[in-house]
Amino acid sequence: MKIGIMGAGAIARVMARTILALNRPDIELYAIASRSKDRADVFAFEFNVPKSYGSYTQLVCDENVDLVYIATPHSEHYANTILCIDHKKAALVEKAFTANHEQALDLIHRARKANVLITEAIWTRYMPSRALIAKALEDGLIGKVKAINANLCYPIDKKERVIKPELAGGALLDIGIYPLNFALMFFGHEIKHLEGFCVKHTTGVDFIDNIAIEFSDGKTASLYANACVASDRMGYIYGSEGYIAVTNINNPEKIEVFNKDHERVSEIKIPKQVTGYEYQLIECKDCLDRDLIECPSMTHKQTLEVMQIMDNLRRIYGVTYPFENK
Ligand SMILES: NC(=O)C1=CN([C@@H]2O[C@H](COP(=O)(O)OP(=O)(O)OC[C@H]3O[C@@H](n4cnc5c(N)ncnc54)[C@H](OP(=O)(O)O)[C@@H]3O)[C@@H](O)[C@H]2O)C=CC1
Ligand SMILES: O=C1CO[C@H](CO)[C@@H](O)[C@@H]1O
């Protein structure tokens with residue numbers, strides 16, 4: 001699978017390092033495309049990428065590219081993915097999949113019509129830690145499962161793409177999406193009641209997010225994201241007999257099981273990984289081999305439901321992006 005990266009920014013570099021370190025002959029870093037040929041050339045030199053393009057269109061016109069990894073700001077994902085679909089290129093689209101549900105729905109309709117794989121690069125959904133936690137819950141390690149509490153905070157208030165409304169910035173789409181997915185991955189998507197409260201940046205985007213969910217089966221989730229501070233990134237799943245503590249919900253480092261007397265009863269070992277970003281690539285390769293147009297770890301339906309929940313939260317917050325008001 002020859003990968004072409006769209007956008008030569010921060011996460012693109014992490015992905016390039018991942019592909020190189022993965023060192024699989026069947027998963028190759030083949031091309032980089034930037035809006036600037038100079039930036040593409042610098043990137044290509046840095047990671048020894050065979051092809052370097054000064055426009056995204058040139059990348060999707062390269063007949064050797066099998067998968068485009070879209071690593072641009074949220075506001076751009078919609079147009080970038082259309083470009084891929086129109087050129088019959090499979091796309092792994094960074095989270096948030098799009099700026100809103102309407103864009104996501106349109107992309108999925110287009111991809112299905114064109115029979116092209118598109119999927120959201122919400123890396124935590126593809127990781128082995130997800131199945132390990134789900135199994136611990138199924139096995140009854142903490143009794144009857146009742147509630148989740150999770151947070152993810154980074155001091156990212158100087159990043160343009162995070163503070164600018166026109167780039168669909170804000171804490172929710174950038175980091176709040178992780179505690180949200182953490183809760184939905186383990187409790188499902190059937191929501192009975194959703195509440196939210198945010199503090200806004202001076203630019204108008206949400207910057208400190210508090211989210212409360214009551215699921216249809218009575219389980220609950222309290223989620224927090226803050227784009228001005230660093231936090232412990234803990235995720236807790238509480239049950240009638242104890243709780244599971246996940247250290248770093250953004251890339252799980254430790255999964256511990258405690259009983260209701262707060263004694264640690266076990267630790268669930270996480271397999272050694274490259275960076276954690278490799279699993280979504282491996283699943284894309286598998287999907288392409290099997291002619292699938294969506295990834296089982298993050299189905300189109302699940303992506304759409306996450307986008308809908310985030311739209312609903314933004315409605316509660318009173319946050320819209322300028323291009324949505326036209
Ligand atoms: N999974 C994860 O752990 C992470 C995911 N992300 C996600 O990755 C995406 C990119 O984030 P990140 O790499 O931090 O962002 P950066 O700002 O570092 O890079 C984004 C790149 O997108 C390109 N781009 C295209 N259009 C625009 C535009 N209008 N304004 C600015 N840049 C543009 C630029 O590349 P060029 O000019 O070369 O074309 C730019 O370098 C986001 O969706 C974000 O949520 C980010 C960090 C971690
Ligand atoms: O997905 C992400 C995880 O962590 C980052 C902090 O560096 C975020 O900004 C980002 O978008």
Side-chain angles (χ1 to χ4, degrees), residues 4-18 31-44 46-47 49 52-60 68-81 83 91-99 103-104 119-127 151-182 205 207 209 225-231 233 248-252 273 275-281 298 303 306-307 310 321-323:
I5 299 182
M6 199 178 264
I11 195 64
R13 289 186 150 72
V14 179
M15 185 55 95
R17 276 195 288 281
T18 303
I32 176 69
S34 167
R35 294 168 303 169
S36 133
K37 176 70 171 132
D38 284 352
R39 275 198 299 277
D41 288 347
V42 168
F43 192 104
E46 203 177 328
F47 297 102
V49 190
S52 159
Y53 293 118
S55 86
Y56 299 165
T57 303
Q58 283 175 292
L59 174 71
V60 296
V68 175
Y69 170 59
I70 298 180
T72 57
H74 309 146
S75 55
E76 309 308 301
H77 293 179
Y78 178 62
N80 297 159
T81 309
L83 192 62
L92 173 63
V93 187
E94 256 309 337
K95 40 61 59 180
F97 187 64
T98 46
Q103 292 183 347
T119 193
E120 181 178 356
I122 175 80
W123 58 322
T124 49
R125 290 251 184 184
Y126 301 80
M127 289 173 177
N151 79 80
L152 188 70
C153 310
Y154 292 109
I156 45 177
D157 43 344
K158 300 288 176 287
K159 284 193 189 182
E160 287 231 319
R161 84 169 171 77
V162 179
I163 56 176
K164 284 192 165 174
E166 62 271 31
L167 296 181
L172 180 62
L173 268 59
D174 198 51
I175 50 177
I177 192 168
Y178 289 105
L180 184 58
N181 272 283
F182 186 79
V205 297
F207 235 52
D209 290 24
N226 183 324
C228 320
V229 298
S231 73
R233 305 177 291 189
N248 188 4
I249 60 159
N250 200 14
N251 188 4
Q273 61 185 26
T275 55
Y277 293 102
E278 66 271 28
Y279 300 110
Q280 49 194 350
L281 298 176
M298 189 57 170
T303 285
V306 170
M307 290 312 309
M310 296 202 298
Y321 308 124
F323 51 85

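Order of appearance sets the numbers: ligands from 1, and atoms from 1 within every ligand. We're numbering straight along the sequence, starting at 1. No experiment lies behind these values; they were computed from the predicted model shown.
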Visitor: Hey, does Glu94 have a side-chain heavy atom less than 4.5 Å from the side chain of Tyr69?
Guide: yes
Visitor: Students should be able to answer this: which protein heavy-atom is nearest to atom 36 (P) of ligand 1, and at what distance?
Guide: Ser34 OG, 3.3 Å
Visitor: Which heavy atom of the protein is the closest neighbour of atom 42 (C) of ligand 1, given with residue, atom name and distance?
Guide: Thr72 O, 3.4 Å
Visitor: Between Tyr154 and Asn250, is any side-chain donor less than 3.5 angstrom from a side-chain acceptor?
Guide: yes
Visitor: Tell me, please: is Lys95 in heavy-atom contact with ligand 2, that is, under 4.0 Å?
Guide: yes
Visitor: Touching ligand 2 at all, Arg161? Heavy atoms, strictly under 4.0 Å?
Guide: yes
Visitor: Once the angle between the rings of Phe47 and Phe43 is folded into 0 to 90°, is it parallel (under 30°), tilted (30 to 60°) or perpendicular (over 60°)?
Guide: tilted
Visitor: Once you measure the plane-to-plane angle for Tyr178 and Trp123, does it fall in the parallel (<30°), tilted (30-60°) or perpendicular (>60°) bin?
Guide: perpendicular
Visitor: For ligand 1, indicate whether the residue Leu173 contacts it via side chain, backbone, both or neither (heavy-atom separation under 4.0 Å).
Guide: neither
Visitor: Only heavy atoms count here, so choose which of Gly9, Ala168, Pro73 is nearest to atom 22 (O) of ligand 1.
Guide: Pro73
Visitor: To which protein heavy atom is atom 37 (O) of ligand 1 closest, and what is the distance rounded to 0.1 Å?
Guide: Arg39 NH2, 2.6 Å
Visitor: Looking only at distances, can you tell me whether any N or O atom of Tyr277, backbone or side chain, sits closer than 3.5 Å to an N or O atom of ligand 1?
Guide: yes
Visitor: Taking only heavy atoms of His74 into account, list the atoms of ligand 1 that are under 4.0 Å away from them.
Guide: 42 (C), 43 (O), 44 (C), 45 (O)
Visitor: Which ligand 2 atoms are under 4.0 Å away from a heavy-atom of Tyr178?
Guide: 1 (O), 2 (C), 3 (C)
Visitor: Which is closest to atom 30 (N) of ligand 1 by heavy-atom distance: Lys164, Glu76, Arg161, Arg35?
Guide: Arg35
Visitor: Has Gln273 got a side-chain atom pairing as donor or acceptor with Thr275's backbone, closer than 3.5 angstrom?
Guide: yes
Visitor: Contact between Ser75 and Glu166 at the side-chain level, heavy atoms closer than 4.5 Å - yes or no?
Guide: no
Visitor: Is there any N or O on Ala121 that sits under 3.5 Å from an N or O of ligand 1?
Guide: no
Visitor: Let me confirm one number: the CZ-OG1 distance from Phe97 to Thr119, rounded to the nearest 0.5 Å.
Guide: 7.5 Å
Visitor: Determine whether any heavy atom of Tyr178 lies closer than 4.0 Å to an atom of ligand 1.
Guide: yes
Visitor: Pull out every atom of ligand 2 sitting under 4.0 Å from any heavy atom of Lys159, numbered as shown with elements.
Guide: 7 (O), 9 (O)
Visitor: Restricting to non-hydrogen atoms, name the atom on Val49 and the atom on Ile32 that form the minimum distance, rounded to 0.1 Å.
Guide: CG1-N, 3.8 Å
Visitor: Evaluate Ala33 for polar contact with ligand 1, using N/O atom pairs at a separation under 3.5 Å.
Guide: no
Visitor: With respect to atom 45 (O) of ligand 1, which of Glu94, Lys95, Met6, Glu160 exhibits the smallest heavy-atom separation?
Guide: Lys95
Visitor: To the nearest 0.5 Å, how far apart are CZ in Phe182 and CZ in Arg125?
Guide: 11.5 Å
Visitor: If you have a sec, work out which protein heavy atom is nearest atom 4 (C) of ligand 1 and how many Å separate them, to one decimal?
Guide: Ile11 CD1, 3.5 Å
Visitor: Is a side-chain N or O of Lys95 found less than 3.5 angstrom from the main chain of Asp174, in a donor-acceptor match?
Guide: yes
Visitor: Which residue and non-hydrogen atom of the protein lie closest to atom 11 (O) of ligand 2, and at what distance in Å?
Guide: Asp174 OD1, 2.6 Å
Visitor: Can you list the atoms of ligand 1 that are under 4.0 Å from a heavy atom of His77?
Guide: 43 (O)
Visitor: Tell me: protein heavy atom nearest atom 6 (C) of ligand 2, and distance?
Guide: Tyr154 CD1, 3.5 Å
Visitor: Closest non-hydrogen protein atom to atom 25 (C) of ligand 1, residue and atom name please, with distance?
Guide: Tyr56 OH, 3.1 Å
Visitor: For ligand 2, which atoms sit closer than 4.0 Å to a heavy atom of Ile156?
Guide: 9 (O)
Visitor: When you measure from the side chain of Glu76 to the backbone of His74, do you find a donor-acceptor pair of N or O atoms at a distance under 3.5 Å?
Guide: no
Visitor: Could you identify the single nearest non-hydrogen protein atom to atom 35 (O) of ligand 1 and state the distance to 0.1 Å?
Guide: Ala8 N, 3.3 Å
Visitor: Could you give the distance from NE2 (His77) to CD (Gln103), rounded to the nearest 0.5 Å?
Guide: 10.0 Å
Visitor: Any N or O on Leu167 sitting closer than 3.5 Å to an N or O of ligand 1?
Guide: no
Visitor: As a test of understanding, state which of Asn151, Leu152, Leu172, Asn226 forms a side-chain contact (heavy atoms from CB on, under 4.5 Å) with Asp209.
Guide: Leu172
Visitor: Nearest 0.5 Å please: distance from the CE atom of Met6 over to the CG atom of Leu59.
Guide: 5.0 Å
Visitor: If the cut-off is 4.0 Å to any non-hydrogen atom of Ala71, which atoms of ligand 1 fall inside it?
Guide: 10 (C), 20 (C), 21 (C), 22 (O)
Visitor: Side chain, backbone, both or neither: which part of Asn250 comes within less than 4.0 Å of ligand 2 when only heavy atoms are counted?
Guide: side chain
Visitor: Can you tell me how far the NZ atom of Lys159 sits from the CG atom of Leu167, to the nearest 0.5 Å?
Guide: 13.0 Å
Visitor: So which protein heavy atom does atom 16 (P) of ligand 1 come closest to, and at what separation?
Guide: Ala10 N, 4.0 Å
Visitor: So how far is it from Thr18 OG1 to Gln280 CD, rounded to the nearest 0.5 Å?
Guide: 8.5 Å
